[in-house]
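For reference, the structure discussed in these notes is given below.
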Amino acid sequence: VQLQASGGGLVQAGGSLKLSCTASGRTFSRCAMGWFRQAPGKGRELVAAISWGGSRKFHADSAKGRFTISRDNAENTVYLQMNSLKSEDTAVYYCAADTSSVSGAVYVRDFEYDYWGQGTLVTVSS
């Protein structure tokens, strides 16, 4: 699976961005997907995850109420809509695919994902 993330950029606090991650090379609709981020000097953390068909979603506490994960299997794309951005959301955001996932499940640990995109930088200015 090849993953291409896009949509990052510079935004003011309180603004919005929508990240996209397009997959190729395998059956995207049978992959659970996740968005992770890594801020400077910090470890990688899960932001949100979604099951095969999108029926189950998980959002980290830091993302609840502000971020929404979604997917379009016809377009082989997973999205992360980010609203009310804060300076602490500044990070490189990575999408990831779990090709050994099962239907209806979400995965919250990074070692459960076996394919990763290249990352897209989100910078929130205060």
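A donor atom on one side chain and an acceptor atom on the other are not found under 3.5 Å apart for T120 and S6. If you check the side chains of N83 and S16, you find a donor sitting under 3.5 Å from an acceptor.
The two residues V11 and L17 make their nearest non-hydrogen contact at CG1-CD1, 4.0 Å. Summarising the geometry of S29 relative to N73, their closest heavy-atom pair is CB-ND2, 3.7 Å, with the distance given to 0.1 Å. Summarising the geometry of Y113 relative to A49, their closest heavy-atom pair is OH-CB, 3.6 Å, with the distance given to 0.1 Å. When all heavy atoms of V47 and L80 are compared, the pair lying nearest together is CG1-CD2, 4.1 Å. In plain terms, the two heavy atoms of C31 and A97 that are nearest each other are CB-CB, 4.4 Å. In terms of heavy-atom proximity, R56 sits nearest to G104 at CD-O, 2.7 Å.
In this structure, the side chain of R71 engages the main chain of S51 through a donor-acceptor pair within 3.5 Å. For the pair Q118 (side chain) and A5 (backbone), a donor-acceptor distance under 3.5 Å is present.
For the atom pair CD of E45 and CD of Q38, the computed distance is 9.5 Å after rounding to the nearest 0.5 Å. Distance OG1/T77 to CG/L19: 12.5 Å, rounded to 0.5 Å. Atom OG1 of residue T90 and atom CG of residue L121 lie 8.0 Å apart, to the nearest 0.5 angstrom. Within the model, atoms CZ of F28 and SG of C21 stand 7.0 Å from one another, a figure rounded to the nearest 0.5 Å. The CG atom of N76 sits 13.5 Å away from the CD atom of Q4 when rounded to the nearest 0.5 Å.
Using a 4.5 Å heavy-atom threshold, the side chains of T99 and S101 count as separate. No side-chain heavy atom of Y94 sits under 4.5 Å from any side-chain heavy atom of L3. The shortest side-chain heavy-atom distance between E75 and S20 does not fall under the 4.5 Å cut-off. I69 places a side-chain heavy atom less than 4.5 Å from the side chain of H59. Put simply, the side chain of F67 does not reach to within 4.5 Å of the side chain of W35, judged on heavy atoms. Looking at M82 and R66, their side chains never come closer than 4.5 Å, going by heavy atoms from C-beta outward.
When W116, Y107, F111 are each tested for a ring-ring contact (aromatic ring centres under 6.0 Å, His included) with F36, only one passes: W116.
Hydrophobic clustering (side-chain heavy atoms under 4.5 Å, transitive across Ile, Leu, Val, Met, Phe, Trp, Tyr) keeps L46 apart from M33. When the side chains of ILVMFWY residues are joined at heavy-atom separations under 4.5 Å, either directly or via intervening members, I50 and Y115 end up in a single hydrophobic cluster. Residues F58 and V102 are members of one and the same hydrophobic cluster, defined by side-chain heavy-atom contacts under 4.5 angstrom among Ile, Leu, Val, Met, Phe, Trp and Tyr.
Heavy-atom neighbours of R30 CZ from other residues, nucleotides or ligands within 6.0 Å: at or below the threshold of 12.
A salt bridge does not link D89 with K86: every distance from a Lys NZ or Arg NE/NH1/NH2 to an Asp or Glu carboxylate oxygen is 4.0 Å or more.
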